[in-house]
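All residue numbers refer to positions in the sequence shown, counting from 1.
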Amino acid sequence: MTIDVEQYVNKAFPGLTLTPSLYQQWDIGIHVEFGAGFYQFKDNGGLNIARFHYVYHQALTIFNEIFSYSDEILLVTNVYQYKPAESKKKRIKVYNRYIKNKN
């Protein structure tokens, strides 16, 4: 059985426009593959918690090596929302505004 992906996407999600991620749109960036060699599930179908601990440790270590406590960090979130033309713009409230405390 073959499926025409473009036809399926147009039928399931009418009007959807796919665009490259922010990472692919910019000339600079860092890509890190976390948890290489670890699969997120065990053979019995359960979560491989060791992988998640390993990834957490990797991410935290890299973050603390790159940034110091006094660095100012700006988080940018690219959110795509399907909105009918008549709807008004609303704040997405992804983050608390003006976060001051690193913790």
**Asked** Does the Gln58 side chain pair with the main chain of Gly35, one donor and one acceptor, at a distance under 3.5 Å?
**Response** yes
**Message:** With rounding to the nearest 0.5 angstrom, report the NE2 to CD1 distance, His57 to Ile62.
**Reply:** 9.5 Å
**Asked** Would a hydrophobic clustering, with Ile, Leu, Val, Met, Phe, Trp and Tyr connected at side-chain separations under 4.5 Å, put Phe41 with Val55?
**Response** no
**Prompt:** Near Asp71 CG, under 6.0 Å, is it more than 12 heavy atoms from other residues, nucleotides or ligands?
**Reply:** yes
**Message:** If hydrophobic clusters are built from ILVMFWY residues whose side chains come within less than 4.5 Å, do Phe67 and Phe34 share one?
**Reply:** yes
**Message:** Checking Ser70 now: which residues fulfil side-chain hydrogen bond (donor to acceptor under 3.5 Å, both in side chains) with it, not counting sequence neighbours?
**Reply:** Ser68
**Message:** Among residues at least two apart in sequence or on other chains, which ones pass ring-ring contact (aromatic ring centres under 6.0 Å, His included) with Tyr54?
**Reply:** Phe38
**Request:** For Tyr56, look at atom OH and say whether over 12 heavy atoms of other residues, nucleotides or ligands are found less than 6.0 Å away.
**Result:** no
